[in-house]
Amino acid sequence: MPAIVISITRYTSDDQPGFVEGEFYDAWGKKHTFEEKVPYVSAAYLSADSEYPVPGEIDCEVLREWTDDNIRAIVRVTTGKPIEIESKEGIAEFDVLKEQLVNVKG
């Protein structure tokens with residue numbers, strides 16, 4: 001299963017199972033910020049005492065792939081599947097560079 005690599009920047013809540021804020025920049029340079037449950041974005045034990053930033057991942061589904069005019073491999077993904085995750089702005093579809101994706105077991 002593909003996942004977008006994100007930077008987890010801070011711990012936001014002790015509500016179970018703990019919440020963190022993470023971000024990434026899309027293929028066009030726009031920053032997207034998420035607040036999500038720790039287990040949805042990291043296998044690490046994260047708390048308010050952890051050092052940030054740390055790497056994380058958001059599972060996604062590939063919708064389409066293409067090469068832009070600058071010969072960059074672009075991938076449109078949705079974070080609405082397999083788990084419904086949206087950015088703080090309510091966005092769930094993003095264009096990312098192919099190298100921003102990793103494959104995770106799932």
Side-chain angles (χ1 to χ4, degrees):
M1 166 184 320
I4 304 168
V5 175
I6 66 168
S7 176
I8 299 171
T9 56
R10 67 188 185 102
Y11 191 80
T12 60
S13 174
D14 280 327
D15 291 341
Q16 288 299 315
F19 285 77
V20 290
E21 188 171 274
E23 63 189 32
F24 74 90
Y25 288 86
D26 67 19
W28 317 116
K30 181 175 176 6
K31 181 167 86 170
H32 299 278
T33 305
F34 297 79
E35 185 173 13
E36 196 50 69
K37 297 173 184 173
V38 172
Y40 287 178
V41 296
S42 178
Y45 173 80
L46 298 176
S47 70
D49 297 327
S50 300
E51 263 191 56
Y52 296 94
V54 297
E57 300 167 349
I58 296 177
D59 291 343
C60 62
E61 182 178 284
V62 172
L63 301 175
R64 101 178 233 239
E65 297 182 45
W66 73 96
T67 302
D68 72 3
D69 293 340
N70 295 319
I71 313 173
R72 300 182 309 160
I74 309 289
V75 182
R76 171 150 304 155
V77 298
T78 178
T79 56
K81 294 180 182 177
I83 299 170
E84 192 171 330
I85 295 178
E86 294 181 339
S87 70
K88 285 186 158 185
E89 298 82 20
I91 301 169
E93 283 191 19
F94 307 93
D95 295 340
V96 297
L97 300 175
K98 191 166 190 169
E99 62 257 22
Q100 289 178 266
L101 298 178
V102 294
N103 283 316
V104 294
K105 293 179 182 177

Would you name the heavy atoms of Cys60 and Met1 that are closest together and state the gap between them?
O-CG, 4.1 Å
Test item: Phe24 and Val96 side chains (from C-beta on) under 4.5 Å apart, heavy atoms
yes
Using 0.5 Å steps for rounding, measure from the NZ atom of Lys37 to the CD1 atom of Ile85.
9.5 Å
The reported gap from CD in Glu61 to CD1 in Ile83 (rounded to nearest 0.5 angstrom) is 12.5 Å
Any chance NZ of Lys88 has more than 12 other-residue heavy atoms, nucleotides or ligands included, within less than 6.0 Å?
yes
How long is the straight-line distance from CD1 of Ile6 back to CD1 of Ile58, given to the nearest 0.5 Å?
4.0 Å
Using side-chain heavy atoms (C-beta onward) and a distance below 4.5 Å, is Tyr45 in contact with Val38?
no
If you count every heavy atom of other residues, nucleotides or ligands that lies below 6.0 Å from Lys81 atom NZ, does the total exceed 12?
no
Any side-chain heavy-atom pair from Gln100 and Val5 closer than 4.5 angstrom?
no
Is there a side chain to side chain contact (heavy atoms under 4.5 Å, CB included) between Thr67 and Ile74 once you walk through the steps?
CA-CA 6 Å; Thr67 302; Ile74 309 289; over 6 Å; no
Rounded at 0.5 Å granularity, tell me how far OG1 in Thr33 sits from CD in Glu89.
6.0 Å
Any side-chain heavy-atom pair from Leu101 and Ile4 closer than 4.5 angstrom?
yes
Under 3.5 Å, is there a donor-acceptor pair between the side chain of Thr78 and the main chain of Ala92?
yes
If two hydrophobic side chains count as joined below 4.5 Å and joins carry through other members, does Tyr25 share a cluster with Val54?
no
Relative to each other, are the rings of His32 and Phe94 parallel, tilted or perpendicular (30° and 60° limits)?
perpendicular
Hey, what do you get for CD (Glu36) to OG1 (Thr79), rounding to the nearest 0.5 Å?
9.0 Å
Is Val41 reachable from Tyr52 through a run of hydrophobic residues whose side-chain heavy atoms are each under 4.5 Å from the next?
yes
Give a yes or no on whether a salt bridge exists between Asp68 and Arg72, defined as a side-chain N under 4.0 angstrom from a carboxylate O.
yes
Return yes if some donor-acceptor pair links the side-chain N/O of Thr12 with the main-chain N/O of Glu21 below 3.5 Å, else return no.
no
Give, for atom CZ of Phe19 and atom CG of Leu46, the distance between the pair rounded to the nearest 0.5 Å.
13.5 Å
Heavy-atom check, side chain of Val20 versus side chain of Ser42, under 4.5 Å
no
Between Asp59 and Pro82, what is the shortest heavy-atom contact and its length?
CB-CD, 3.8 Å
Heavy-atom count check: over 12 atoms from other residues, nucleotides or ligands less than 6.0 Å from Glu84 CD?
no
